[in-house]
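Input: a single structure, listed below in structure tokens.
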Amino acid sequence: MKLRRCAALQVSLDEEPRFDIGLLLGGGDGLDRAARWMAMAPHQPAPREISLAQLAVLAQVPRDGASEAAVLAAAHGEATIAELLEAGWLLRDDDEDSTAARRDAAARDVPWWPPALVAQVAGAWSGVDIEARQEAGQMPDSGELIAAHGPAPTHEHVRRPDRATLPLSPPPHRDFDALLAQRRTCRNFDPEAAVPAAALGAMLHRVWGAVGTRELSPGAIAVKKTSPAGGGLHAVEAYLLVQRAEGVAPGLYHYLPVRHALEPLAALDPGEARVLAHRMLAGQHWFVDTPVLVVMTARFDRLFWKYRRHAKAWRVLHLDVGHLSQTMYLSAADLGLGAFVTAAINDDDIGGMLELAPLREGAIAIVGFGPRSARSRNIELDGLTPTDAARLAGGGDA
């Protein structure tokens, strides 16, 4: 049997105290403060403790080759090799079907920048329920944060308080400025209202629809949309969870930007759609009634095809999602709809729901839009104190 090591491994020294019942029963405080080495691999859901002896074995196995298991066992002991296999840091060379093997293959095939690869996996959520945490008192409010950590860093970051400032011309107050002033996050959606068909079509085309394409070379096509994207790749996809939209049954859909059409993925009844929304949104109940949710995913294979192992490319995807989110907000404001964006999502769970290929495509953020509720159950940033510039522009309530 031949063994190969996993494609990527990040090792760090962990000195955080952790509970140990043995120390507690022995008369101590129950906290183990000994430093330990932790290893994170992109095909694993969480870091695991690794020994120096195990690291020594991995150092002898080439990344792109395989070693005889018997030879490794003779040099390092069968127990150590078995532990590495169980941990998934060593993989059987003939294993192509296990989840770990498929994820490891993706980590090899897609030319990720290794730190971004590990960060993408380590930062993913699964099964997080913010509503349950709130009910359990695990989500401190602003007052509790101030009591525990002191005041927040100042909202106005002045670098040279000893120098006079240079006043600028008053900002204009045109139609576009009024639209910008209407842009805000909605946390109170009408649980009965549906998005009109015309509004749904407008939102999807304005934000995610392709304006045009250009073949740069055979096999390489750039896309133009209303928002910028790194390298003209537009590696962000839009998946819809529709709860209430005119002419579209509840379910999961994939938006095709060049055709301006929806690709049905799964039909859902209203109850199933709401449960799925709650799970996708990690229990953010104030967004669950949103008529249309859009999961924005990143196609890492498309991005890293051009920017191979590039240290900045992973950031570009998040910038792309930010650009699309702002366009979505402005379009929603223009159509009189409420809107939101959140990155506090159960991205690992979403990957399973949408059957995304691990490490080739993954969820980055969710946006949503729909008619606002007449009732305000959840706090929103209304009734603000206008800044001096806003008053000069005649914007009134900022």
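Salt-bridge formation is detected for the pair Glu237/Arg299: a Lys NZ or Arg NE/NH1/NH2 atom is positioned less than 4.0 Å from an Asp or Glu carboxylate oxygen. For Arg206 and Asp334, the salt-bridge test passes: some basic side-chain N is under 4.0 Å from an acidic carboxylate O. Checked for salt-bridge contact, Lys2 and Asp94 miss the test: no charged N lies under 4.0 Å from a carboxylate O. Checked for salt-bridge contact, Asp104 and Arg108 meet the test: a charged N lies under 4.0 Å from a carboxylate O.
Using a distance-only test at 3.5 Å, with no hydrogens or angles considered, no donor-acceptor pair links the side chain of Arg214 to the main chain of Val223. Between the side chain of Gln284 and the main chain of Ala344, a donor-acceptor pair closer than 3.5 Å is present. At distances below 3.5 Å, at least one donor-acceptor pair connects side-chain atoms of Ser98 with backbone N or O atoms of Ala101. Checking side-chain atoms of Arg18 against main-chain N and O of Ala34 turns up a donor-acceptor pair under 3.5 Å. Under a 3.5 Å cut-off, the side chain of Arg184 and the backbone N or O of Ala181 do form a donor-acceptor pair. Asp320 places a side-chain N or O within 3.5 Å of a backbone atom of Gly230 that can act as its donor or acceptor partner. Here the side chain of Asn346 pairs a donor or acceptor atom with the backbone of Val128 at under 3.5 angstrom. Put simply, the side chain of Asp14 never gets that close to the backbone of Arg36: no donor and acceptor are under 3.5 Å apart. Although no hydrogens or angles enter the test, the distance criterion places no donor-acceptor pair under 3.5 Å between the side chain of Ser331 and the main chain of Met328. No donor-acceptor pair closer than 3.5 Å links the side chain of Arg259 to the backbone N or O of Leu256.
Connection of Leu240 to Leu337 is established within a shared hydrophobic cluster, with ILVMFWY side chains joined at heavy-atom distances below 4.5 Å, either directly or through further cluster members. Under a hydrophobic clustering in which Ile, Leu, Val, Met, Phe, Trp and Tyr are joined whenever their side-chain heavy atoms come within less than 4.5 Å, directly or via other members, Val242 and Met203 fall into the same cluster. Note on Trp89 and Val11: same hydrophobic cluster, where clusters join Ile, Leu, Val, Met, Phe, Trp and Tyr whose side-chain heavy atoms are under 4.5 Å apart, directly or indirectly. The cluster map of Ile, Leu, Val, Met, Phe, Trp and Tyr, joined by side-chain heavy atoms under 4.5 Å apart, puts Met353 and Ile366 in the same cluster. Under a hydrophobic-cluster definition in which Ile, Leu, Val, Met, Phe, Trp and Tyr are linked whenever side-chain heavy atoms come within less than 4.5 Å, directly or via other members, Val195 and Leu335 are assigned to the same cluster.
A 4.5 Å side-chain heavy-atom check between Val121 and Arg103 finds at least one atom pair inside the cut-off. Proximity of Glu272 to Val275: side-chain heavy atoms (C-beta onward) are nowhere separated by under 4.5 Å. Looking at heavy atoms from C-beta onward, Arg4 lies out of side-chain contact with Pro62 at the 4.5 angstrom threshold. At a threshold of 4.5 Å between non-hydrogen side-chain atoms, the residues Asp177 and Pro172 count as touching. Taking the side chain as every heavy atom from C-beta outward, Leu52 and Trp37 approach each other to under 4.5 Å. With a 4.5 Å cut-off on side-chain heavy atoms, Val248 and Leu200 count as touching. Contact annotation: the side chain of Leu58 approaches that of Ile50 to within less than 4.5 Å [non-hydrogen atoms, C-beta and beyond].
Shown here for Gln54 and Glu49, the closest heavy-atom pair between the two residues is OE1-O, 4.3 Å. Summarising the geometry of Ala53 relative to Thr80, their closest heavy-atom pair is O-CG2, 4.4 Å, with the distance given to 0.1 Å. Among all heavy-atom pairs drawn from Gly232 and Arg302, the shortest one is O-NH2, 4.2 Å. The two residues Asp349 and Gly127 make their nearest non-hydrogen contact at OD2-N, 2.7 Å. In terms of heavy-atom proximity, Ile350 sits nearest to Met280 at CG1-CG, 3.7 Å. Heavy-atom minimum distance, Cys186 versus Gly338: CB-CA, 3.7 Å.
Considering CG of Leu90 and SG of Cys6, their distance stands at 8.0 Å, rounded to 0.5 Å. With values rounded to the nearest 0.5 angstrom, Ile345 atom CD1 is found 12.0 Å from Ser126 atom OG. The distance from atom CD of Gln243 to atom CG of Leu276, rounded to the nearest 0.5 Å, is 9.0 Å. Atom CG in Leu180 sits 11.0 Å away from atom NE2 in His173 (nearest 0.5 Å). Here CD of Gln120 is found 4.5 Å from CH2 of Trp112. Values are rounded to the nearest 0.5 Å. Taken to the nearest 0.5 Å, the OH atom of Tyr329 stands 2.5 Å off from the OG1 atom of Thr185.
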Take Thr342 and Phe287 through the test side-chain contact (heavy atoms from CB on, under 4.5 Å) and record every step on the way to the result. CA-CA 10 Å; Thr342 180; Phe287 294 144; 4.3 Å; yes
Full working for side-chain contact (heavy atoms from CB on, under 4.5 Å) between Phe19 and Asp32: CA-CA 6 Å; Phe19 179 71; Asp32 184 353; over 6 Å; no
side-chain contact (heavy atoms from CB on, under 4.5 Å) evaluation trace for Leu241 with Leu268: CA-CA 9 Å; Leu241 172 57; Leu268 302 168; 3.7 Å; yes
Give the intermediate values and the outcome of salt bridge (charged side-chain N to carboxylate O under 4.0 Å, His left out) for residues Arg274 and Asp289. CA-CA 7 Å; Arg274 198 173 195 281; Asp289 285 325; 3.0 Å; yes
Given side-chain contact (heavy atoms from CB on, under 4.5 Å), test Ile81 with Glu78 step by step and report yes or no. CA-CA 5 Å; Ile81 303 305; Glu78 291 186 3; 5.7 Å; no
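For Leu25, the CG atom is densely surrounded, since the number of other residues' heavy atoms within 6.0 Å is greater than 12. Under a cut-off of 6.0 angstrom, the local environment of CD in Gln138 is crowded, with over 12 non-hydrogen atoms contributed by other residues, nucleotides or ligands. Sparse packing is recorded around CD of Glu96, with 12 or fewer heavy atoms of other residues, nucleotides or ligands lying under 6.0 Å away. No more than 12 heavy atoms of other residues, nucleotides or ligands sit less than 6.0 Å from atom CD1 of Ile379. Open room surrounds CZ on Arg92; 12 or fewer heavy atoms of other groups in view lie less than 6.0 Å from it. The environment of CD in Gln60 is crowded: more than 12 heavy-atom neighbours from other residues, nucleotides or ligands sit within 6.0 Å. A 6.0 Å sphere centred on CG of Asp175 holds no more than 12 heavy atoms belonging to other residues, nucleotides or ligands. At most 12 non-hydrogen atoms from other residues, nucleotides or ligands lie less than 6.0 angstrom from CZ of Arg315.
Between the side chains of Thr226 and Thr327, no donor N or O sits under 3.5 Å from an acceptor N or O.
Using the six-membered ring where Trp is involved, Phe189 and Phe340 have ring planes that are perpendicular, over 60° apart on the 30 and 60° scheme.
Side-chain rings of Trp208 and Tyr255 stay apart, their centers remaining 6.0 Å or farther from each other.
Geometrically, Arg360 does not engage Phe300 in a cation-pi contact defined by less than 6.0 Å to the ring centre and at most 45° from the axis.
Each of Val295, Thr297, Leu265, Leu262 was checked for a side chain to side chain contact (heavy atoms under 4.5 Å, CB included) with His254, and the lone residue meeting it is Leu265. If you run side chain to side chain contact (heavy atoms under 4.5 Å, CB included) between Leu359 and each of Leu117, Asp301, Asp109, only Leu117 comes through.
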